[in-house]
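Only one structure is covered here, and it is reproduced in the block below.
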Amino acid sequence: MVMSNYKEIAFQPAGQFEETRFEKIHNIIFENSLEASKIVAYEIAALIRKKAAANEKCVLGLATGSSPIKVYEELVKLHKEEGLSFANVITFNLDEYWPMQPKNIQSYHYFMHEHLFNHIDILPENVHIPNGTIQPEEVYQYCVDYELKIKEAGGLDFQLLGIGRTGHIGFNEPGSHYNSSTRSITLDHITREDAASSFLGIDNVPKKAITMGISTIKKAKRVILLAWGEGKAGVVQTAVEGEVSSQIPATYLQHHHNATFVLDKEAASELTRIKTPWLVSSCVWTEELKKKAIFWLSDKVSKPILKLTDKDYNDYGMASLLVEEGSAYELNIKIFNGLQNTITGWPGGKPNADDSKRPERSTPAKKRVIIFSPHPDDDVISMGGTFDRLVEQGHEVHIAYQTSGNIAVSDDDALRFAEVAKSMSPDSTKINGVITSIQNKEANEIDTLDVRRLKGDIRKAESLGATRYLGVPDNQVHFLNLPFYETGKVKKNNLSQDDLDIMCELIDKVKPHQIYAAGDLADPHGTHKVCLDAVFGAVDALKGNDYMNDCWVWLYRGAWFEWQPYEIEMAVPMSPDQVVKKRHAIFYHQSQKDNVMFQGNDAREFWVRAEDRNRLTAEKYRNLGMTDYAAIEAFKRYHF
């Protein structure tokens, strides 16, 4: 599909809503980021071809970060498979860290060549990326010259953007002026926190950068901003619906004549027309939307479900729901009962019980269960209480750690373990080699294979400590070490058939009645998403087998976000004692307890954030009128 003009990106994807009076900038919502990225790549390709046909240069402003990666992958694919040429393309990148060497794997120079420039036919002299090696006294003139180069090229025909949690575009942090041009800037602490995972710790993140200015970006003829995931939902809502403010630089795009925000469902989830569509226009009241609206209303008026009145519904734009349902009384009871039926102390099903209103089946009484954990601690962090309950109730519980998690072990921890090993075997060539490698490692250098193995073994030992503590035999703990992860770098490979074969082999061996998998996609380096795709891919490949007819897949969250009450299909309460037991299981993962390398934008330790989220879910249930529990772990069923 190739589009003939800029605005063809605005064709309606499935499920698209019309923009509303709340929104001050054009935006499109897609089912997922992959679909959205392809559409953006098609628009860029159409522009390149249009310019080439007119014998003109196509001037692109390009962004870095995780958001545009799939766009670049699709452009490379169009080049290799459909002959899209970049010979007429001139590019200007938004920004670069300063100081920063181009060959550093964290540099945007490295990023752009790895993801795009090394794979297409663009002329090297047409590639412009801010130079992170400029001497301090030369930065000002360099930035002036960068602006002149853009002007001499004819100005930006197209500018691709992401958005940071601070609302920054490029590295235009809060406080940036709308007339700002290319310049040096001091990075906001939040921006540096978000980059910490790529730099293996915030202390390694540069404090300054060179960035195009707001004025430079606004002069582009076409602007597309990409935003994926729940972590971007709040700032997207502010940028699209809020007032123009230097504190949220992305709001300046409201004054651009041809700008579009391209969003996935999660990034769009806080927009008024998505979060509370009944406040915008008439709704088709699906069962999920009814629950969402009533739980929202309960919170809004601070009443449990059964105390909501006709007046409450009418006052908050939900009169049409009452017309459809008859009365608040009947509707309240129906929604209350549905929520109550999600609660169970028997996540594997209660034997010899009526299961017609329970989230899980009563038979077989003893189930075979696989808990897939992307990293070697997600199982206990996100569903440690349910894990414990399944074991205590006699189910055959298998734990499958999908990746080694070796990159998340610090050099200091690895050195400590290596030195203990040396004390027991002083003459070991391998141990001495590991110690030397760690001690002589340069910044951002990739670990040697032996160091990575040691770090993986540290996490394996921690995992076995936790699973033994919860009563799982060692032969039911599986370390899959999926190949996609084993790059030694933050950037991982794409999922391969080898990964899927490993997943399928385990599922086929266990023949589970239940599979638990991580549906929390907000982890800082994308491993959860790849691991979930691996589960879905394996389930899809095996679904023709008879045993899969009896297999249910439950998705857990908890490390970064939690399911909202209207999404929850199984809620497993935890007693205060179980909360403590879960905490102790998490503590076995000592390498991840203090100064975590990949904890995202939440500074709390994982055990703290897990307890807070479980407590908050219980609090939400209590406020809706349910029993007051100490904590609740929540699950949503995946239907394949």
Side-chain angles (χ1 to χ4, degrees), residues 7 9-33 35-36 39 163 167 224-245 248 250-251 253-256 258-303 305 308-328 331-332 334-335 561 563-567 620 624:
K7 277 301 184 181
I9 194 172
F11 74 82
Q12 300 289 311
Q16 177 64 34
F17 294 85
E18 294 297 323
E19 290 173 59
T20 74
R21 60 186 172 86
F22 294 94
E23 297 171 10
K24 301 169 184 176
I25 193 165
H26 180 241
N27 62 87
I28 307 174
I29 304 166
F30 289 83
E31 186 68 23
N32 56 65
S33 61
E35 176 190 356
I39 297 300
I163 184 171
I224 285 183
L225 184 148
L226 310 174
W228 320 133
E230 286 185 68
K232 298 295 178 67
V235 73
V236 164
Q237 187 272 334
T238 302
V240 172
E241 299 184 355
E243 297 299 321
V244 174
S245 167
I248 304 290
T251 57
L253 295 176
Q254 293 178 16
H255 292 162
H256 194 280
N258 193 13
T260 297
F261 278 37
V262 176
L263 315 170
D264 65 6
K265 290 191 306 181
E266 289 75 21
S269 61
E270 289 293 319
L271 294 178
T272 302
R273 64 182 159 112
I274 304 301
K275 185 175 183 179
T276 52
W278 51 89
L279 299 179
V280 175
S281 62
S282 58
C283 297
V284 176
W285 288 104
T286 63
E287 290 305 309
E288 182 172 286
L289 189 58
K290 291 175 186 176
K291 288 192 293 182
K292 184 178 183 179
I294 292 167
F295 295 165
W296 172 86
L297 179 61
S298 172
D299 181 65
K300 196 75 176 175
V301 300
S302 300
K303 292 181 181 180
I305 295 170
L308 296 175
T309 66
D310 288 357
K311 185 178 186 300
D312 294 327
Y313 283 89
N314 290 332
D315 286 349
Y316 287 90
M318 295 162 62
S320 63
L321 180 55
L322 287 186
V323 170
E324 186 175 310
E325 292 290 333
S327 73
L331 179 57
N332 292 345
K334 183 173 78 170
I335 297 300
F561 291 98
W563 299 114
Q564 292 301 313
Y566 72 90
E567 300 173 298
K620 288 178 178 178
L624 290 167

Closest non-hydrogen contact found for L289 with P277 is CD1-CG, 3.9 Å
Compare every heavy atom of F22 with every heavy atom of V280, then report the nearest pair and how far apart it is.
CG2-CE1, 3.7 Å
4.5 Å side-chain heavy-atom contact, I25 and L225:
no
So K24 and E243, salt bridge (Lys or Arg N to Asp or Glu O under 4.0 Å) or not? Walk me through it.
CA-CA 9 Å; K24 301 169 184 176; E243 297 299 321; 2.8 Å; yes
Value for CD1 (I224) from CD1 (I28), rounded to nearest 0.5 Å, stands at 7.5 Å
Just how far is it from atom CG of D315 to atom OG1 of T309, taken to the nearest 0.5 Å?
7.5 Å
Where A227 and K232 come nearest, the two heavy atoms and their spacing:
CB-CB, 4.3 Å
Start with the C-alpha distance between W228 and V236, add both sets of side-chain angles, then the distance that settles side chain to side chain contact (heavy atoms under 4.5 Å, CB included), and finish with yes or no.
CA-CA 10 Å; W228 320 133; V236 164; over 6 Å; no
Would L271 and E241 count as a side chain to side chain contact (heavy atoms under 4.5 Å, CB included) here? Give the steps.
CA-CA 8 Å; L271 294 178; E241 299 184 355; 3.9 Å; yes
Measure from the side-chain N and O atoms of S33 to the backbone N and O of D264, and report whether any donor-acceptor pair falls under 3.5 Å.
no
Looking only at heavy atoms, which two atoms of T251 and S245 are closest? And how far apart?
OG1-N, 2.9 Å
Tightest non-hydrogen contact, residues L308 and A328, listed as O-CB, 3.9 Å
Does the side chain of E287 reach to within under 4.5 Å of the side chain of K334, using non-hydrogen atoms?
yes
Correct closest heavy-atom pair for L322 and S327 would be CD2-C, 3.8 Å
Considering only heavy atoms from C-beta outward, does the side chain of L253 approach that of F261 to under 4.5 Å?
yes
Between NZ of K275 and CD of Q237, what distance do you get to the nearest 0.5 Å?
8.0 Å
Value rounded to 0.5 Å, distance of CD in E288 from CD in E567:
6.5 Å
Indicate yes or no: at least one non-hydrogen side-chain atom of I39 is less than 4.5 angstrom from one of F30.
yes
Show which side-chain atoms of residues 291-302 pair as donor or acceptor with protein atoms under 3.5 Å away, not counting sequence neighbours.
| from | atom 1 | to | atom 2 | distance (Å) |
| --- | --- | --- | --- | --- |
| K291 | NZ | Y566 | O | 3.3 |
| K292 | NZ | I274 | O | 2.8 |
| S298 | OG | K303 | O | 2.3 |

Any donor and acceptor pair, going by atom type alone, linking the side chain of Q254 with main-chain N or O of A239 inside 3.5 Å?
yes
How many angstroms lie between OH in Y313 and CG in L331, if you round to the nearest 0.5 Å?
4.0 Å
Within this structure, what is the CE-CG distance for the pair M318 and L279, rounded to the nearest 0.5 Å?
9.0 Å
